[in-house]
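Here's the structure, in structure tokens; my notes come after.
Read the numbers this way: they start at 1 and go in the same order the structure lists the ligands and their atoms.
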Amino acid sequence: MRADEMVNRYFLEAAETIDLPEEYYEVLQSSYRETDVQVPVHRDDGSLSVYRGYRVQHNGARGPYKGGVRYHPAVDISEVRALASLMTWKTALLNVPFGGAKGGVNVDPSELSTRELEALTRRFTASITHVLGPFRDVPAPDMNTNPQVMAWMMDAYSSKNGYTPAIVTGKPLAFGGAPGRRQATGRGVAYTLERALERVGRTPEGMTVAIQGFGNVGSWAALTLRDMGAKIVAISDIRGGIQRMDGINVDRAIEKVEAGGSVVDCADVDLLDSGEVLEVNCDVLIPAALGEVITKENVDDIKVDWIVEGANNPTTPDADQTLFERGVNIIPDILANGGGVTGSYFEWTQNIQQFTWPEEQFNERLREKMRQGVDETFGAADRWGVSPRQAAFAVAIERVAEASKLRGYL
Ligand code: GLU
């Protein structure tokens with residue numbers, strides 16, 4: 001099933017829950033605008049490579065389009081479309097005043113030099129600049145993009161339009177970045193689990209956790225949960241996985257990765273294949289890498305009671321149904337990883353006001369927003385007797401439909 005078809009299946013189930021009039025479906029399911037551009041890059045060896053770049057703006061009823069830009073060879077229009085619509089539902093669920101968008105270029109950035117990466121980013125930004133703006137569409141980092149890429153995007157936009165830090169979020173702290181934004185997605189993952197556990201009279205203290213993906217999201221989720229008393233027993237990155245049932249030294253693993261290595265370079269751990277990390281016998285699983293990793297092929301081998309979706313779209317609809325029937329608690333992606341865009345909202349407001357919040361204030365507000373999102377989602381799930389994912393989509397669709405109606409799109 002294509003990624004956009006998967007998201008649309010979640011949409012349809014939720015739309016039925018709230019009795020959304022069928023005539024609204026098309027406006028809310030399809031993209032408002034899809035920009036598809038060629039991105040030629042002169043390589044260091046004198047050759048020319050041509051990539052494809054996308055910016056999909058799904059729905060802007062509740063505010064400027066918002067969403068990350070990813071660099072990955074598997075990027076295509078259906079993936080970007082799916083991820084753009086997930087952003088619409090995510091911003092609505094977390095109640096931040098944005099719509100939903102996503103961008104991507106089908107490039108493997110590990111094959112490019114820094115100069116080539118900068119050229120690619122500037123060319124892509126120039127090609128989509130007419131659909132961007134601090135009150136129109138505000139990109140951010142996503143898979144394989146980072147504060148440096150945002151700095152280049154901001155510079156490319158500002159060189160035409162004047163100094164505009166609010167054109168992107170996830171910027172470096174040296175100009176317009178917000179202390180706390182880099183950590184926000186991973187911390188948000190931990191805050192949602194903390195609150196969901198609290199609702200059933202439990203805490204993260206002593207819980208065992210496996211994390212697939214040890215980039216920005218996975219590593220900050222690990223650190224935050226470790227500080228809450230959880231034990232991180234398995235982690236993986238692109239080179240493989242590691243396991244240690246009495247707790248992995250998370251700081252040591254981060255040191256290895258920051259030095260350009262991998263978690264598999266850690267001492268005193270058992271080695272796993274990347275896929276095996278999903279099947280470890282522990283309490284909590286956090287997929288924090290690619291989409292579509294929990295499928296009907298491996299769902300029967302998943303042993304945890306809790307899944308917190310740090311990645312976007314990690315669970316296919318068939319696997320999701322099986323897990324729900326088995327009583328596994330899933331904190332769905334549009335809630336669990338919403339700390340990133342919530343942090344982006346805090347950064348954007350600070351840019352608009354030319355003012356900086358201290359990191360403690362940022363974190364407190366982030367935690368508050370995430371806890372509220374959990375209460376609204378799980379409260380609605382109980383009220384309607386549906387899964388938290390269906391409830392999350394339903395709450396979000398109600399909000400977007402209301403704004404769209406008031407603005408006259410529906
Ligand atoms: N890329 C992140 C996401 O998927 C953050 C998007 C943003 O901050 O705009 O939620």
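Taking 4.0 Å as the cut-off, Pro139 does not count as a neighbour of ligand 1 on heavy-atom distance.
Ring to ring, Phe135 and Trp348 are close: their centroids are under 6.0 angstrom apart. A distance of 6.0 Å or more separates the ring centres of Phe124 and Tyr51.
Considering only non-hydrogen protein atoms, atom 9 (O) of ligand 1 sits nearest to Lys66 NZ, 2.8 Å. Of all protein heavy atoms, the one lying nearest to atom 10 (O) of ligand 1 is Lys90 NZ, 2.7 Å. Atom 8 (O) of ligand 1 has as its closest protein heavy atom Ser344 OG, 2.5 Å. The nearest heavy-atom contact from the protein to atom 1 (N) of ligand 1 is Asp142 OD1, 2.7 Å.
Note: Thr91 OG1 to Tyr65 OH = 11.5 Å, rounded to the nearest 0.5 Å. Rounded to the nearest 0.5 angstrom, Ser158 OG and Met153 CE are separated by 11.5 Å.
The shortest N or O to N or O distance between Lys102 and ligand 1 is below 3.5 Å. Note: no N/O pair closer than 3.5 Å links Ala140 and ligand 1 by distance alone.
One N or O on the side chain of Gln57 and one on the backbone of Val131 form a donor-acceptor pair closer than 3.5 Å. One N or O on the side chain of Thr145 and one on the backbone of Val69 form a donor-acceptor pair closer than 3.5 Å. At least one donor-acceptor pair closer than 3.5 Å links the side chain of Asn216 to the backbone N or O of Arg182. Between the Glu5 side chain and the Arg2 main chain, a donor and an acceptor come within less than 3.5 Å of each other.
Among Gly68, Ala184, Ala311, the residue whose heavy atom lies nearest to atom 6 (C) of ligand 1 is Gly68.
For Arg181, every heavy-atom contact with ligand 1 shorter than 4.0 Å involves the side chain, none the backbone. Of all the heavy atoms of Leu83, none lies under 4.0 Å from any atom of ligand 1, so neither backbone nor side chain is involved.
Comment: Glu34 does not engage Arg55 in a salt bridge, judged by the lack of any side-chain N to carboxylate O separation of less than 4.0 angstrom.
The Met87 neighbourhood of ligand 1 comprises atoms 3 (C), 4 (O), 6 (C), 10 (O), with distances under 4.0 Å to a heavy atom of that residue. Against a heavy-atom cut-off of under 4.0 Å, Gly340 is close to the following atoms of ligand 1: 8 (O). Counting the atoms of ligand 1 from 1 in the order shown, those under 4.0 Å from a heavy atom of Asn312 are 4 (O).
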